Novice: 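Handing you a structure now.
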Amino acid sequence: MFTTVYSCRDNEETASASKTLKIDMVSASVDESGQPLNPLVNTNIGYANNTYVIRGSGFTGLQHIYFNDYESYFNPNFVTDNTIFVTINENTHT
């Protein structure tokens, strides 16, 4: 599954100060039965309607996340510069 993460700025002045996005790890938040998983175990596959933790840097100000060209939901109140929780859009195909 291919992941695209990008951030947008409203004006050119803040665009020049934008950070480079870096993804270090993606992990599932729960298993098939809904039990929490270790957030420090990397995964290389994702499924629609499941929530994942993305760790890296440069996430502050993030506005959109796409998996295979489908925009996926995330709550901007839970975004830090190093961590974001995202639920893969149900229409996303592998």
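Note that the structure is a prediction, hence the values are computed from the model and not measured.
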Novice: Indicate the atoms forming the closest heavy-atom contact of Gly46 with Tyr52, along with that distance.
Specialist: CA-OH, 3.3 Å
Novice: Can you name the residues that form a side-chain contact (heavy atoms from CB on, under 4.5 Å) with Asn49, not counting sequence neighbours?
Specialist: Glu90
Novice: Roughly how far, to the nearest 0.5 Å, is CG of Asp81 from CG of Leu62?
Specialist: 10.5 Å
Novice: Could you list the residues that satisfy side-chain hydrogen bond (donor to acceptor under 3.5 Å, both in side chains) with Asn38, not counting sequence neighbours?
Specialist: none
Novice: Between the side chain of Asn89 and the main-chain N/O of Glu71, is any donor-acceptor distance below 3.5 Å?
Specialist: yes
Novice: How long is the span from the CD1 atom in Ile45 to the OG1 atom in Thr43, to the nearest 0.5 Å?
Specialist: 7.0 Å
Novice: CG of Asp24 to OG of Ser57: how many Å apart, nearest 0.5 Å?
Specialist: 6.0 Å
Novice: Among residues at least two apart in sequence or on other chains, which ones pass side-chain hydrogen bond (donor to acceptor under 3.5 Å, both in side chains) with Thr87?
Specialist: Thr51
Novice: Does one hydrophobic cluster hold both Tyr47 and Tyr70, with members joined at side-chain heavy-atom distances below 4.5 Å?
Specialist: no
Novice: Nearest 0.5 Å, what's the CZ-CD1 distance between Phe59 and Ile84?
Specialist: 6.5 Å
Novice: Pair Val86, Phe67 - check side-chain contact (heavy atoms from CB on, under 4.5 Å), show working.
Specialist: CA-CA 10 Å; Val86 60; Phe67 292 91; 4.0 Å; yes
Novice: Work out which heavy atom in Leu21 is nearest to a heavy atom in Gly58; give both atom names and the distance.
Specialist: CD2-O, 2.5 Å
Novice: With sequence neighbours excluded, tell me which residues meet side-chain contact (heavy atoms from CB on, under 4.5 Å) with Val53.
Specialist: Ser27, Ser29, Arg55, Thr83, Phe85
Novice: Which residues pass the side-chain hydrogen bond (donor to acceptor under 3.5 Å, both in side chains) test with Asn42, sequence neighbours left out?
Specialist: none
Novice: Hydrophobic side-chain clustering at under 4.5 Å (ILVMFWY, transitive links): who's grouped with Val41? Put none if nobody.
Specialist: none
Novice: Could you check if a side-chain atom of Asn50 sits within less than 4.5 angstrom of a side-chain atom of Ile88, using non-hydrogen atoms only?
Specialist: no
